[in-house]
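We're numbering straight along the sequence, starting at 1. Indexing begins at 1, ligand by ligand and atom by atom, following the structure's order.
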Amino acid sequence: MPHNTKYVFVTGGVASSLGKGIISASLGKLLQSRGFSVTIQKLDPYINVDPGTLNPYEHGECYVTEDGAETDLDLGHYERFLNLPTSQMNNVTTGKIYQTVISKERHGDYLGKTVQVIPHITDEIKRRIKLLGTKHKLDVVITEIGGTVGDIESLPYIEAVRQLRWELGPTNSAFIHLTLVPYLSASGELKTKPTQHSVKVLLENGIQPDVLVLRTEKPLNDDIRRKVALFCNVDSSAVVESIDVKTIYEVPLLMHKEKLDETIMKKLNLPVQEPPKLDDWNEFINKLKNPKSKVKVGLVGKYVELHDAYKSIVESFIHAGAVNECHVELEMIQSESITASNVKEKLDHLQGILVAPGFGHRGVEGKIEAIRYARENQVPFFGICLGMQCAVVEFARNVLGLQEANSTEMVRNTPYPVIDLMEEQKGITDMGGTMRLGSYPCQVKKGTKAYMAYHKLETHERHRHRYEFNNQFLPQFEAAGMVAAGINPETNLVEIMEISSHPWFVGVQFHPEYKSTVINPHPLFVEFVKATMNFGG
Ligand code: GLN
């Protein structure tokens with residue numbers, strides 16, 4: 001018998017950035033904790049094939065999956081909530097859809113037919129939605145549609161979902177629409193009209209939503225719920241309040257209180273038996289809300305004006321802070337603003353410094369100054385990807401005395417290329433999807449800070465880079481006290497560099513932040529936070 005996968009669709013209306021990703025992840029978490037196998041998928045209406053080539057200022061962080069797909073940052077939320085890896089199948093863009101359809105057309109697969117948005121583009125969208133459920137025999141696939149209902153570019157997705165719902169039959173799919181109910185302080189009222197209009201747009205496109213989730217800053221009273229239900233044609237029980245909360249991690253509990261999980265399960269004809277098992281989650285929230293100590297950590301990067309640019313790092317600190325029962329306050333520091341003369345003033349109130357990933361030379365010298373400060377003043381330091389590469393350059397210049405040391409990404413003909421382009425990157429001209437991406441093994445050396453964190457000799461971490469530590473210099477570095485604490489056992493690429501004599505100075509070529517989840521906080525973040533708690537104490 002074929003596995004009967006159920007599909008839930010999530011759209012947004014009225015305004016963007018209402019948190020569809022968090023609502024999808026929260027529902028996924030609740031269904032998972034009731035024993036169902038679930039995954040979450042994001043359909044993005046833009047034409048880029050993936051967000052890998054997008055500037056973080058445009059679209060926030062680019063998230064990377066185990067299998068090396070560069071994806072939307074919502075996949076990070078899905079993994080952090082469900083504690084399950086996603087894959088390239090979990091993020092579909094209009095660019096990907098068209099790429100597939102056009103290459104099939106060139107291949108002659110359409111047998112001379114005119115290739116059109118309907119049915120060819122919509123068929124490809126439907127295929128990608130269904131594939132995820134059938135391939136892994138999942139109970140539920142939640143598909144979040146990016147953008148706002150009414151946008152021209154999301155129309156083919158809405159039409160594909162309309163068709164798919166019809167094909168699946170009434171008990172095999174549910175449709176959630178998330179909208180905003182604004183509060184007008186002048187009249188002291190919550191306004192439902194934008195929601196009504198947004199639902200009308202969906203109806204014009206042939207979709208009657210089953211559940212409305214209303215983002216609001218004030219509680220919804222019964223009148224409002226009844227009004228929305230009546231004018232938008234849904235049961236009163238299907239009007240769900242999503243009030244602003246302090247942390248996104250409270251949203252699953254809030255959605256459970258509002259019975260979102262139960263309403264969806266009933267619609268899908270899934271048995272509602274035991275309540276969800278959320279003990280781990282509740283314990284995490286409890287620790288998060290009742291920290292016993294507090295530290296201030298500087299996040300030195302060049303995209304600091306946009307919080308979403310370092311989303312996974314910010315979330316990793318929340319997970320690692322909670323296990324340590326410590327509130328980690330992150331101070332975003334623009335690396336371009338740091339110079340040798342102001343570095344002390346900018347950093348001396350911090351218990352830890354993290355230097356962020358990045359590309360290109362903007363802000364690199366400021367990062368190097370920050371690292372020098374951390375190294376010389378024994379301040380716990382964590383360098384990620386470019387942050388690790390800058391730590392290597394700093395050490396080469398100021399400890400090994402190689403004054404003009406650099407990465408060849410910054411100065412192509414530096415006399416001391418301590419960070420150099422990877423061999424397999426030479427000759428690559430396409431920018432999209434061509435970095436060293438995804439999960440690779442890392443052998444951890446016993447007796448190092450990294451080993452203290454992992455407690456094992458081999459781990460796997462995700463990557464996104466073109467440059468690497470130049471192994472020609474390794475003996476010089478190790479003799480002076482900066483050691484390779486982790487290497488790739490197959491290629492010998494350096495994965496972790498640390499300074500043995502420093503209380504906690506660790507740089508990693510990979511991105512630990514992509515693997516930190518609520519249930520499994522990343523061990524390096526956990527140890528780094530521990531080190532910051534001990535700093536100066
Ligand atoms: N720009 C560096 C490289 O390509 C670092 C990349 C990163 O920080 N993700 O190797």
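Using the six-membered ring where Trp is involved, Tyr416 and Phe473 have ring planes that are perpendicular, over 60° apart on the 30 and 60° scheme. Between Tyr7 and Phe9, the ring planes lie parallel to each other; the angle is under 30°, not in the 30° to 60° tilted range. Note: Tyr514 and His511 have parallel aromatic rings, judged against thresholds of 30 and 60 degrees for the angle between ring planes. Relative ring orientation between Phe317 and Phe528 is described as tilted, the plane-to-plane angle lying within the 30° to 60° band.
Taking the side chain as every heavy atom from C-beta outward, Phe477 and Met497 approach each other to under 4.5 Å.
Considering only non-hydrogen protein atoms, atom 4 (O) of ligand 1 sits nearest to Arg466 N, 2.9 Å. Looking only at protein heavy atoms, the nearest one to atom 10 (O) of ligand 1 is Tyr467 N, 2.8 Å. Looking only at heavy atoms of the protein, atom 2 (C) of ligand 1 is closest to Glu409 OE1, 3.2 Å.
Assignment of His511 to the shell around ligand 1 is supported, since a heavy atom sits closer than 4.0 Å.
Checking side-chain atoms of Tyr440 against main-chain N and O of Asn488 turns up no donor-acceptor pair under 3.5 Å.
Looking at Arg464 against ligand 1, only its backbone comes within 4.0 Å, counting heavy atoms. When non-hydrogen atoms are compared, ligand 1 lies under 4.0 Å from the side chain of Gln389 (C-beta onward) but not from its backbone. Contacts of Glu468 with ligand 1, taken as heavy-atom pairs under 4.0 Å, are absent altogether.
At a 3.5 angstrom cut-off on N or O pairs, Cys385 does not count as close to ligand 1.
When Gly360, Cys62, Gly383, Gly358 are checked for heavy-atom proximity to atom 5 (C) of ligand 1, Gly358 turns out nearest.
Between Glu394 and Arg375, at least one side-chain N (NZ, or NE/NH1/NH2) sits under 4.0 Å from a carboxylate O, which counts as a salt bridge.
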